[in-house]
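Report on the structure given below.
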Amino acid sequence: MSNLPDPVRVVQLPDGTYAYADHLPTVQPTTAPQVVHQHIHQAPPDRTVQRIALGSGIGAGTVAAGVYFGPLLVGALTAIAANLALLAFLAAVLAWGVVSVVKSLGGPDGKAAAKTLAKTRKRRR
């Protein structure tokens with residue numbers, strides 16, 4: 001009969017009620033105050049999106065795709081915008097160069113062509 005648990009100990013408290021001995025509050029000796037180290041961690045920004053998505057009931061695959069492809073999409077769109085800005089600047093510089101060359105080399109016909117080109121550009125705006 002060694003495989004049976006120990007019998008439950010019941011004790012009578014000073015107020016006359018009975019209680020299990022293993023549920024009694026244990027009195028710990030008073031020693032030096034215990035120092036509690038608190039560690040505060042902040043989640044990276046991608047985890048915030050993940051927590052919001054998980055709270056709304058979206059599946060884990062969707063969350064993983066959003067966390068992975070979100071920054072990738074931002075990077076790709078930034079690269080596209082930078083390329084378009086560079087192309088627009090290049091087009092403006094080339095147009096200015098063409099107008100300057102036509103004005104300086106063309107004589108009266110060149111000046112007339114430059115005026116026509118300038119009027120056309122003003123109308124498009």
Side-chain angles (χ1 to χ4, degrees):
M1 294 250 235
S2 63
N3 60 351
L4 294 176
D6 293 332
V8 179
R9 290 187 21 201
V10 178
V11 293
Q12 186 175 11
L13 299 176
D15 63 353
T17 59
Y18 293 95
Y20 292 107
D22 59 347
H23 292 324
L24 292 176
T26 56
V27 179
Q28 297 179 351
T30 56
T31 59
Q34 188 177 13
V35 178
V36 177
H37 295 283
Q38 186 174 12
H39 299 281
I40 300 173
H41 300 282
Q42 182 178 4
D46 292 340
R47 300 281 185 204
T48 305
V49 174
Q50 187 175 6
R51 288 188 179 125
I52 291 170
L54 284 175
S56 64
I58 298 176
T62 306
V63 172
V67 168
Y68 180 77
F69 289 114
L72 197 64
L73 179 64
V74 169
L77 291 177
T78 304
I80 292 169
N83 286 338
L84 288 176
L86 182 65
L87 287 175
F89 178 73
L90 187 63
V93 168
L94 288 175
W96 174 79
V98 167
V99 168
S100 297
V101 168
V102 168
K103 276 184 180 180
S104 65
L105 295 178
D109 291 335
K111 289 181 183 177
K115 283 183 183 179
T116 306
L117 185 59
K119 287 180 184 177
T120 306
R121 286 179 58 207
K122 286 181 183 176
R123 280 190 217 140
R124 287 186 184 171
R125 291 183 188 173

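It should be emphasised that the depicted structure is a prediction, and the values quoted were computed from it without experimental measurement.
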Item to check | Rounded distance (nearest 0.5 Å) linking atom CZ of Phe89 with atom CG of Leu94 | outcome: 10.0 Å

Checklist entry - Rounded to the nearest 0.5 Å, what separation is found between the CG atom of Leu90 and the CG atom of Asn83? => result 12.0 Å

Item to check | Thr17 side chain to Leu13 backbone, donor-acceptor under 3.5 Å | outcome: no

